[in-house]
Amino acid sequence: MKSVNRPVDEVVVALTDGAKEDAHAVFGVLRTAFACDRAADDVPRDVAGRRPTVWLATFDAAHPGGKPGPVRLTAPLTATLQGGYSAVDSVRGTLASAFTVHDIGTAFGDQEEEIQVLLESR
């Protein structure tokens, strides 16, 4: 498997198991604190049919901004965060300022980590 070289401050966020409105809310929370590779008006869309959907965005955690307040979700949503250790911790902290975050799993690498969390409204 070929490795992808990303700056240590970038975190790829993948959202699954939820509604597109909830994905948009989570990405909105993260945009309040971090630069994103997607424009604010780039709203997640459903895929035709009954296939599973994954929404992806990359956030630059080098210069974190403010911490948002609580945000309501219609249902729990699974998020996978992948990037450098401190960048992932920063993104997780921002999510924790808006949602209840339950750790599901973690995979550690030499330079990066991947964590999976369940996000719920507070």
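The heavy-atom pair separating A19 from W55 by the smallest distance is C-CH2, 3.8 Å. Here the closest non-hydrogen pair linking R31 and F59 is N-CE2, 4.0 Å. Here the shortest heavy-atom pairing between P68 and V29 reads CG-CG1, 3.4 Å.
When the side chain to side chain donor-acceptor pair (under 3.5 Å) test is applied to E114, no partner is found at least two apart in sequence or on another chain. Listed by chain and residue number, nothing satisfies the side chain to side chain donor-acceptor pair (under 3.5 Å) test with S86 (two or more places apart in sequence, or in another chain). Judged as a side chain to side chain donor-acceptor pair (under 3.5 Å), and not counting sequence neighbours, the contacts of R92 are D103. Remark: E113 pairs with Y85, V88, D89, T106, F108, I115 by the side-chain contact (heavy atoms from CB on, under 4.5 Å) rule, at least two apart or across chains.
Remark: the backbone N or O of A96 is not paired with any side-chain donor or acceptor of T100 at under 3.5 angstrom.
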What side-chain donor-acceptor pairs closer than 3.5 Å can you find for residues 33-44, not counting sequence neighbours?
{"unit_1": "D37", "atom_1": "OD1", "unit_2": "T58", "atom_2": "N", "d": "2.9"}
{"unit_1": "R38", "atom_1": "NE", "unit_2": "L56", "atom_2": "O", "d": "2.7"}
{"unit_1": "R38", "atom_1": "NH1", "unit_2": "D42", "atom_2": "OD2", "d": "2.9"}
{"unit_1": "R38", "atom_1": "NH2", "unit_2": "L56", "atom_2": "O", "d": "3.3"}

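Residue E120 places its CD atom among more than 12 non-hydrogen atoms of other residues, nucleotides or ligands, all under 6.0 Å distant.
Sorted by first and then second residue, the pairs that involve residues 65-74 and meet side-chain hydrogen bond (donor to acceptor under 3.5 Å, both in side chains), not counting sequence neighbours, are D22-T74.
Contact of the D60 side chain with the V11 side chain is not registered, since no non-hydrogen atoms from C-beta on lie closer than 4.5 Å.
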